[in-house]
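We count residues from 1, following the sequence as given. Counting convention: from 1, in listed order, for ligands and their atoms alike.
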Amino acid sequence: MSLHGRDLISIRDLSREEIESVLAAAKKMIPFAEGKKVSHSLENKIVAMAFFEPSTRTRLSFESAVQRLGGSCITIADASVTSMRKGESLHDTIRMLSSYSDAIVIRHPNEGSARLAARASDRPVLNAGDGAGQHPTQTLLDLATMQEAFGTLSGLTVVLLGDLKFGRTVHSLAHALAMFGAEIVLTGPPSLALPLQSRRHLEHMGAKVREQSDLHAAVRDADVLYVTRIQKERFGDESEYRRVAGSYRIDASVLADAKSRLAVMHPLPRAGEIAPEVDSTTHAVYFRQAALAVPVRMALLDLILGARKGD
Ligand code: CP
């Protein structure tokens, strides 16, 4: 099925075949993302960036992707300078944006906000993170990184470490990993475990999923170690955050018994979960992961919005 004109709110909106088609297109986009080839696929298209929460990678890689495809952006990078300060609703804000642009990329602290935006907009809406909900475009670039590192997404053992309760990247990624038959190992502070509903969903999909409280044991068996930051901004109570802050850290000693091909990933930003000494090891792929954001988002925008024959 074509992605043209579609929203992307949850990774569940995509079939395995559609994910594979985005990944194949992303691979071809790499020389365009690096400026070695030129595309005009989004010529005359405007993409609105509606970011109501801080972002470095997601917003800037989307903006880079649009511009590499010959399109242009209008951007809200700070809700405090919009008329939402005067009481305008998210619904009305998005409805306006949909008449100023050809697609909307939204990040918002509230779970469900991207779905609300999609209902308010008659243009495609892409979810760039809705609270503790979903971050589907991050998942696409995570999968692209694994595919580049291993040549395949089949048969991988992937350890998800950290804040599995509030971490929207893992909520999206776990579903995709289940689709591709990965073995999923969950580890981290018990109070930040994957919500039961998400765990049940993975099991319902037939996923191989298990918990491993011993981080060293988890790392020893892993092909991918996907580290996440504790999402401090989602805690209602600061003292609860302090109880788990700093409870895990990946450094050379944790990686001592890892497989030589272990890929350490992180959606970034990191806040102490990966020691800088890991950066210079062959395990560190998190900066490559961040770089692949551009070709992956280019591929997605091209498929959703790009010029088609006869347009
Ligand atoms: N990975 C990610 O979403 O990063 P930003 O918060 O910087 O966009």
Can you find a heavy atom in the side chain of Tyr248 that is under 4.5 Å from one in the side chain of Thr187? no
Would you be so kind as to tabulate the donor-acceptor pairs closer than 3.5 Å made by side chains of residues 101-112, with sequence neighbours excluded?
| from | atom 1 | to | atom 2 | distance (Å) |
| --- | --- | --- | --- | --- |
| Ser101 | OG | Leu97 | O | 2.7 |
| Ser101 | OG | Ala103 | O | 3.4 |
| Asp102 | OD2 | Ile46 | N | 2.7 |
| Arg107 | NE | Ala128 | O | 2.8 |
| Arg107 | NH1 | Pro54 | O | 2.9 |
| Arg107 | NH2 | Thr58 | OG1 | 3.0 |
| Arg107 | NH2 | Ala128 | O | 3.1 |
| Arg107 | NH2 | His135 | NE2 | 3.2 |
| His108 | ND1 | Asn110 | N | 3.0 |

To the nearest 0.5 Å, atom CG of Asp122 lies from atom CD1 of Ile94 at 12.0 Å
Under the rule for salt bridge (Lys or Arg N to Asp or Glu O under 4.0 Å), what residues qualify as partners of Arg119, not counting sequence neighbours? none
So which residues, sorted by chain and number, lie with a heavy atom under 4.0 Å of ligand 1? Ser55, Thr56, Arg57, Thr58, Arg107, His135, Gln138, Pro267, Leu268
According to side chain to side chain donor-acceptor pair (under 3.5 Å), who are the partners of Glu53, at least two apart in sequence or on a separate chain? Arg168, Arg234
Measure the shortest side-chain to side-chain distance between Lys165 and Gln231 over non-hydrogen atoms and say whether it is less than 4.5 angstrom. no
